[in-house]
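A, B, ... follow the sequence lines: proteins, then strands. Residue 1 opens every chain.
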Number of protein chains: 2
Amino acid sequence: MGWEDIAADKKARIDKSIPDEWRINVKDQDDSVMDMPAKSGILSPEELEITNSSAVDLVAKLASGQLKSLDVTLAFCKRAALAHQLLNCALEFFPELALTQAKELDAYYEKYKKPVGPLHGLPISLKDQFRIKDLETSMGYVAWIGKYDEEDSVLVALLRKAGAVFYVKTSVPQSLMVCETVNNIIGRTVNPRNKNWSCGGSSGGEGAIVGFRGGIIGVGTDIGGSIRVPSAFNFLYGLRPSHGRMPYAKMANSMEGQETVHSVCGPICHSVPDMRLFITSVLNEEPWKYDSKVIPLPWRRSEEDIITSKLKSGGLTLGFYDSDGNKSHQFLNRTLTNDVDFQVTPHPPILRGIETVVSTLKKNGHKVVPWEPYKHDFAVDLINGIYASDGGTDVFSTLATSGEPAIPNFKDLINPSLPSVDINELWSVQLQKWAYQTSYLEQWRLRESEVGKEIDAFIAPITPTAAVRHNQFKYYGYASAINLLDWTSVVVPVTFADKTLDKKKEGYEALNELDGAVQAEYDPEAYHGAPVAVQIVGRRLTEERTMAIAQEIGRLLGNEITP
Amino acid sequence: MGWEDIAADKKARIDKSIPDEWRINVKDQDDSVMDMPAKSGILSPEELEITNSSAVDLVAKLASGQLKSLDVTLAFCKRAALAHQLLNCALEFFPELALTQAKELDAYYEKYKKPVGPLHGLPISLKDQFRIKDLETSMGYVAWIGKYDEEDSVLVALLRKAGAVFYVKTSVPQSLMVCETVNNIIGRTVNPRNKNWSCGGSSGGEGAIVGFRGGIIGVGTDIGGSIRVPSAFNFLYGLRPSHGRMPYAKMANSMEGQETVHSVCGPICHSVPDMRLFITSVLNEEPWKYDSKVIPLPWRRSEEDIITSKLKSGGLTLGFYDSDGNKSHQFLNRTLTNDVDFQVTPHPPILRGIETVVSTLKKNGHKVVPWEPYKHDFAVDLINGIYASDGGTDVFSTLATSGEPAIPNFKDLINPSLPSVDINELWSVQLQKWAYQTSYLEQWRLRESEVGKEIDAFIAPITPTAAVRHNQFKYYGYASAINLLDWTSVVVPVTFADKTLDKKKEGYEALNELDGAVQAEYDPEAYHGAPVAVQIVGRRLTEERTMAIAQEIGRLLGNEITP
């Protein structure tokens with residue numbers, strides 16, 4: 001079989017996994033399909049209520065016996081089936097296995113009158129990079145279709161121990177190294193709020209399914225924005241924890257063994273309390289005893305309490321920047337490899353998003369101070385070189401195995417015209433990375449002494465655009481600079497692009513070619529209604545504090561809501 | 001100037017740094033110089049008492065005003081001057097700077113009636129890999145002589161904030177990648193207990209000076225045994241913390257930027273309480289705000305308490321192995337790259353050392369169970385490949401800069417006949433490392449379920465020999481396998497080789513060529529009196545627990561003593 005046949009067969013198997021009674025007519029849908037769960041008639045009112053709940057509420061009801069896992073799982077399976085038909089978001093869908101698992105959990109509860117763990121009976125959706133025993137993990141590569149996994153990834157095994165139910169593995173861009181979700185197996189996944197917008201990537205299937213509430217908590221991965229971009233584009237919360245907080249062992253990946261910048265796992269969800277439920281449930285299983293890269297750091301309530309007590313007296317102190325393209329951010333006495341190539345001014349909706357967060361915080365008594373995106377373009381240049389350090393050998397050899405072509409946008413991050421670096425060059429890059437991280441820590445301390453207060457985190461854009469139109473994702477720097485630092489980042493949804501508020505800037509002079517291309521893409525009409533988010537960034541391994549800050553910002557914005 | 005002249009000039013400058021009034025006749029010394037501090041007449045009785053104290057006692061007296069930093073510093077400078085004359089252990093000696101620093105600390109105390117920090121006034125010796133502003137860091141390379149440092153290493157800066165006084169930087173083997181201490185600048189550093197024995201390496205100057213009590217706490221680094229071997233060979237305690245516990249930023253190093261296996265900093269000292277003083281003092285400065293690689297993990301008293309409460313009820317459960325060469329340790333169903341090349345049976349004194357610890361623990365009610373050195377030879381083979389992954393480019397190009405030759409033993413660890421690996425090969429090695437670490441964690445869990453108890457740590461040899469004769473250090477595997485795992489290891493001194501107890505085994509059949517060479521080296525007469533130590537190994541980042549266990553073992557052995 002040629003690669004097209006293998007891909008077509010896989011696509012057909014996915015389609016077939018949806019029972020006939022959950023099928024709908026997908027022709028002639030509106031651009032937005034957000035109302036389809038209610039309109040389709042596939043879900044009962046109870047099932048709609050379940051899928052519109054928070055995960056925190058659901059696990060409480062499952063633990064008290066008010067809800068059965070079978071009912072909850074069935075509701076999410078139905079809504080996920082709609083999601084796949086409307087958004088094209090699944091690479092594996094296995095409702096039968098899920099319902100069997102749910103029945104076993106219900107039987108356990110029946111017998112012992114207690115939940116198996118903190119996630120008892122809760123469906124969790126997974127990016128198709130997580131391995132589940134006996135299922136396929138294609139990760140968007142045609143070459144990997146037909147390989148069945150022999151064991152669970154560590155995170156899957158621990159979620160299972162905690163009581164989670166698995167029912168779907170969601171789509172990704174071929175190779176994962178793109179922030180839109182397209183592959184040669186099922187094609188493109190689209191945004192539930194507007195099919196003309198990207199759902200983001202690489203955890204784009206998670207963004208789409210959770211945004212549509214075909215999932216309540218989805219698990220993605222992030223090495224250059226892949227959790228944060230789909231969260232932002234789908235008006236969701238997302239966590240990119242620092243490396244070593246969540247287990248990653250036994251997962252599929254591109255460029256496996258690359259350790260210069262680590263990909264990390266994290267949740268995409270509807271609120272910080274749901275995010276906290278996920279993280280605390282995983283930490284409760286002591287993942288450091290299963291994956292050598294996990295740091296033995298249980299959930300630190302004391303770190304949350306520090307933020308809580310600041311909220312009660314004195315307030316938070318936060319930095320912010322709305323652009324890495326502001327000339328005043330230029331740093332003296334330094335050599336840039338690419339000068340200003342990696343500076344891009346965000347579109348008007350993103351600038352307004354930052355301004356909204358800053359003014360809301362100030363209005364509520366918090367201190368918000370300007371923050372330098374320190375040597376941002378140096379960082380972006382360095383991490384781009386890391387992504388491409390093998391000259392694309394790993395990903396291009398996987399493509400060659402099946403003969404499939406590369407997807408669009410692919411070469412924006414993995415440029416095969418760059419040569420592979422040798423070991424001594426890699427060590428030099430790693431040394432530069434460490435020096436950069438350490439200098440940025442010094443900048444943080446200096447800024448604190450200027451301000452005279454501890455700075456709790458900073459507020460920054462994630463992308464220069466609201467949920468982007470297809471094939472228009474061009475600039476990863478706002479996200480990827482944070483990956484190079486390995487800092488904790490929490491995505492907070494803020495608002496929606498508004499053609500009446502977010503006019504196109506007249507007479508804007510592009511900073512560079514890339515900035516010009518990004519600015520040219522802005523069209524107030526086309527982006528009207530697109531989700532706008534910010535990231536809250538704390539230093540390394542500050543998940544407890546940064547999540548607490550994000551929760552407060554969401555609360556002040558009024559965005560921590562269930563429908 | 002040729003390299004010989006540059007080296008000779010540096011050596012002369014070191015010699016000149018010793019004031020005439022601290023000079024002794026170094027001819028015709030006994031093999032052991034341990035009695036020289038008392039015999040030389042250079043130190044007053046008070047100075048002998050100070051240098052024979054514990055660091056914990058000294059900082060208490062400095063903090064209460066009972067002692068002045070000037071007196072303590074002067075005492076250690078004198079004893080260090082003796083150490084260098086007798087052992088050849090210093091690459092930088094700067095008593096004037098130290099005494100100036102001590103006076104400033106005394107003035108601070110006088111003015112504010114309180115110490116500047118937990119190490120107020122305490123002299124700390126440093127391996128010549130730590131940078132101190134305006135001093136040289138040659139690290140044993142002739143090429144680096146004459147380069148003066150522009151700033152302190154992060155650990156030096158934080159120790160300084162905590163009140164430490166610096167007075168000496170000690171010798172290392174050229175490149176650091178050898179466990180004996182020889183370079184072309186000052187030659188060989190010898191063991192204070194017997195000049196025919198090695199002081200170990202690469203933190204060998206620290207082992208020698210602290211063993212001689214010319215230092216009270218010395219700071220070394222370890223990527224393949226370099227803290228543990230000098231600790232073991234000098235009857236000292238030593239800590240190889242997991243990577244990320246202690247700051248390493250802004251230090252000199254070979255193969256800088258190599259991150260596949262990290263070198264780590266740690267103390268070499270006379271007791272676990274002194275070790276704890278060092279670690280808690282550094283953590284107290286929040287090193288994670290200064291070095292991006294440091295994990296934000298303050299000292300966890302609760303982890304120590306777990307061990308303390310086990311000591312009060314039920315006791316500890318520990319694994320042990322005395323050899324990685326035991327055929328019964330062969331693991332089924334695996335492929336070895338080098339089959340049994342990396343298995344070496346320890347000399348009789350080491351086997352007796354392990355047995356002494358095991359029987360002492362059992363006698364005191366603790367549970368001690370056999371432990372599999374899991375795929376030890378695979379691990380040693382893998383880490384040897386990592387050390388050599390650039391084909392020696394980094395170290396050999398530094399040698400070429402000055403023209404100096406490589407030291408003996410050099411090629412045991414860095415084999416220039418091996419080619420450099422490419423990026424994809426490196427990623428494969430890194431993936432194998434992670435898989436190995438993760439499988440070993442699984443073995444740990446399996447062993448716990450077999451034993452039915454949490455296993456707190458395991459007891460293992462550090463080297464196959466007691467303090468080794470010169471140029472006879474051949475096998476790094478007992479130490480380096482732990483580096484590959486990045487587990488916490490604490491060295492506990494146990495006993496001394498004894499020709500009447502430690503007979504040469506008759507009719508021993510060598511496991512392989514290396515084992516044959518190591519066994520041939522054993523001579524009960526020549527090793528009589530050589531220090532014997534074990535390492536106590538806990539999982540990653542278990543410094544609190546592992547140190548508490550090591551302290552208890554030292555207490556039971558009666559080795560936590562001051563002279």
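One distance of note links CG of A/Leu441 with CH2 of B/Trp288; it measures 12.5 Å at 0.5 Å rounding. Annotation: the span from A/Leu431 atom CG to B/Glu259 atom CD amounts to 8.5 Å, rounded to 0.5 Å.
Residues from residues 421-430 of chain A that place a non-hydrogen atom less than 4.5 Å from a non-hydrogen atom of chain B comprise A/Val421, A/Asp422, A/Ile423, A/Asn424, A/Leu426, A/Trp427, A/Gln430, given in numerical order.
By the 4.5 Å heavy-atom criterion applied to side chains, B/Lys250 and A/Thr438 are counted as neighbours. Side chains of B/Tyr290 and A/Glu442 form no contact here, defined as non-hydrogen atoms less than 4.5 Å apart.
Both the backbone and the side chain of A/Leu541 come within less than 4.5 Å of a heavy atom in chain B. Within the 4.5 angstrom heavy-atom criterion, only side-chain atoms of A/Ser420, from C-beta onward, approach chain B. Contacts of A/Arg539 with chain B are made by side-chain atoms alone, with heavy-atom separations under 4.5 Å and no backbone atom involved.
Across B/Ser389, B/Ser242, B/Gly257, the residue that shares the most heavy-atom pairs under 4.5 angstrom with chain A is B/Gly257. Annotation: maximal heavy-atom pairing with chain A below 4.5 Å, among B/Gln437, B/Arg300, B/Arg445, B/Lys433, occurs at B/Arg445.
Open room surrounds CD on B/Glu150; 12 or fewer heavy atoms of other groups in view lie less than 6.0 Å from it.
The two residues B/Trp434 and A/Ser292 have their closest heavy-atom pair at CD1-OG, 3.2 Å.
B/Arg540 places no side-chain N or O within donor-acceptor distance of the main-chain N or O of A/Pro296, the cut-off being under 3.5 Å.
Cation-pi geometry between A/Lys289 and B/Trp444 is not met at under 6.0 angstrom from the ring centre and within 45 degrees of the axis.
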